[in-house]
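Reading through the structure tokens given below for one structure.
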Amino acid sequence: AGKSTLLRAVSAARPRVADYPFTTLHPGLGVVSVGPLRSFVMADIPGLIEGAAEGAGLGTRFLRHLGRTRLLVHLVDVSPFDGSDPAYDARAVVAELERFNPALAARERWLVLNKTDLLDEAAIAAAEQAICAALGHTGKVYRISALTGAGTARLAADLMTRLEQMAAESVESAEPELSSSLPPSS
């Protein structure tokens with residue numbers, strides 16, 4: 001799908017990249033900087049296959065890592081080299097998340113279509129429609145080319161903004177708990 005290539009495009013990390021699937025065997029981390037004092041850590045998790053929730057492939061070894069994330073980026077290859085159906089593949093990943101941990105599957109997930117540089121606009125639009133229908137996705141969809149960098153700066157900036165919003169919401173929801181545990185002032 002291009003997860004390692006995306007990590008290379010938006011950070012200084014240099015994960016192994018090859019022209020075949022499932023190159024990533026271990027999670028990779030990269031610091032994504034989008035401006036002064038604005039950065040976040042992006043994780044590149046090995047790809048999931050059907051049966052991962054039951055231990056197939058690298059299985060639950062890496063699904064557990066996803067539990068530490070605040071937001072999931074579902075990167076979908078819209079032009080798979082093997083001719084597989086991107087909509088089917090995207091749904092299979094979501095199904096594995098649901099089987100492994102329904103709460104994890106319900107976590108905020110952004111849909112990012114990669115390798116858009118390999119298709120014309122009509123093919124990209126058709127792939128987007130099919131993938132969104134397969135996933136029941138009605139949110140924003142990002143179209144990128146991790147290899148050329150097209151769309152990656154906007155994706156990184158929008159991710160940073162959303163992570164900052166999530167952090168602020170977390171602080172706001174914790175404030176009532178904090179103030180109720182403080183002794184009354186005299």
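This structure is a prediction, so every number in the text was calculated from the model and none was measured.
- Once rounded to the nearest 0.5 Å, the distance linking OH of Y142 with CG of L159 reads 6.5 Å.
- Salt-bridge formation is detected for the pair E169/R162: a Lys NZ or Arg NE/NH1/NH2 atom is positioned less than 4.0 Å from an Asp or Glu carboxylate oxygen.
- Across every non-hydrogen atom of T152 and A146, the tightest pair is CG2-CA, 4.1 Å.
- What you find for L29 and A43 is that their closest heavy atoms are CD2-CB, 3.6 Å.
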*Quick one: do I144 and D117 satisfy side chain to side chain contact (heavy atoms under 4.5 Å, CB included)? Show the steps, please.*
CA-CA 8 Å; I144 70 162; D117 56 313; over 6 Å; no

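- Contact of the V73 side chain with the R109 side chain is not registered, since no non-hydrogen atoms from C-beta on lie closer than 4.5 Å.
- Taking both residues in full, the closest heavy atoms of P86 and P80 are given as CG-CD, 3.8 Å, listed atom of the first, atom of the second, then distance.
- L147 contributes atom CG, which lies 8.5 Å from atom CG of N114 (distance to the nearest 0.5 angstrom).
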message: Please evaluate residues V112 and V76 with respect to the criterion side chain to side chain contact (heavy atoms under 4.5 Å, CB included), reporting the C-alpha separation (whole Å), side-chain torsions for both, the decisive distance (0.1 Å), and the verdict.
response: CA-CA 6 Å; V112 179; V76 179; over 6 Å; no

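- A single hydrophobic cluster is not seen to contain both V31 and L7; linkage of ILVMFWY side chains at heavy-atom distances under 4.5 Å, directly or through other members, places them apart.
- The distance from the OG1 atom of T69 to the CZ atom of R107 is 4.5 Å, given to the nearest 0.5 Å.
- A single hydrophobic cluster is seen to contain both L155 and F40, as judged by linkage of ILVMFWY side chains at heavy-atom distances under 4.5 Å, directly or through other members.
- Hydrophobic clustering, with ILVMFWY side chains joined whenever heavy atoms are under 4.5 angstrom apart, keeps V141 apart from V93.
- Closest approach of G30 and A13 over heavy atoms only: CA-CB, 3.9 Å.
- Surrounding CD of Q129 are at most 12 heavy atoms belonging to other residues, nucleotides or ligands under 6.0 Å away.
- Here E128 contributes atom CD and R143 contributes atom CZ; the two are 4.5 Å apart, rounded to the nearest 0.5 Å.
- Side chains of S84 and D89: a donor on one and an acceptor on the other come within 3.5 Å.
- Side-chain contact check for M42 versus V10: some heavy-atom pair is nearer than 4.5 Å.
- Linking Ile, Leu, Val, Met, Phe, Trp and Tyr whenever their side-chain heavy atoms come within less than 4.5 Å puts V32 and L71 in one cluster.
- For the atom pair S145 OG and L119 CG, the distance stands at 10.5 Å (nearest 0.5 Å).
- A salt bridge is defined here as a Lys NZ or Arg NE, NH1 or NH2 lying under 4.0 Å from an Asp or Glu carboxylate O, and E108 with R70 fails to meet this definition.
- For the pair V34/S39, no side-chain contact is recorded, criterion being any heavy-atom separation below 4.5 Å from C-beta on.
- The two residues A87 and A130 make their nearest non-hydrogen contact at CB-O, 3.7 Å.
- In terms of modelled atom types and a separation under 3.5 Å, the side chain of S170 and the main chain of M166 share no donor-acceptor contact.
- Put simply, CG on L97 and CZ on R99 are 10.0 Å apart, with the number rounded to the nearest 0.5 Å.
- One hydrophobic cluster, built from ILVMFWY side chains closer than 4.5 Å, cannot hold both W110 and L113; they sit in different ones.
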### Message
Please evaluate residues L104 and E98 with respect to the criterion side chain to side chain contact (heavy atoms under 4.5 Å, CB included), reporting the C-alpha separation (whole Å), side-chain torsions for both, the decisive distance (0.1 Å), and the verdict.
### Response
CA-CA 7 Å; L104 181 60; E98 290 168 344; over 6 Å; no

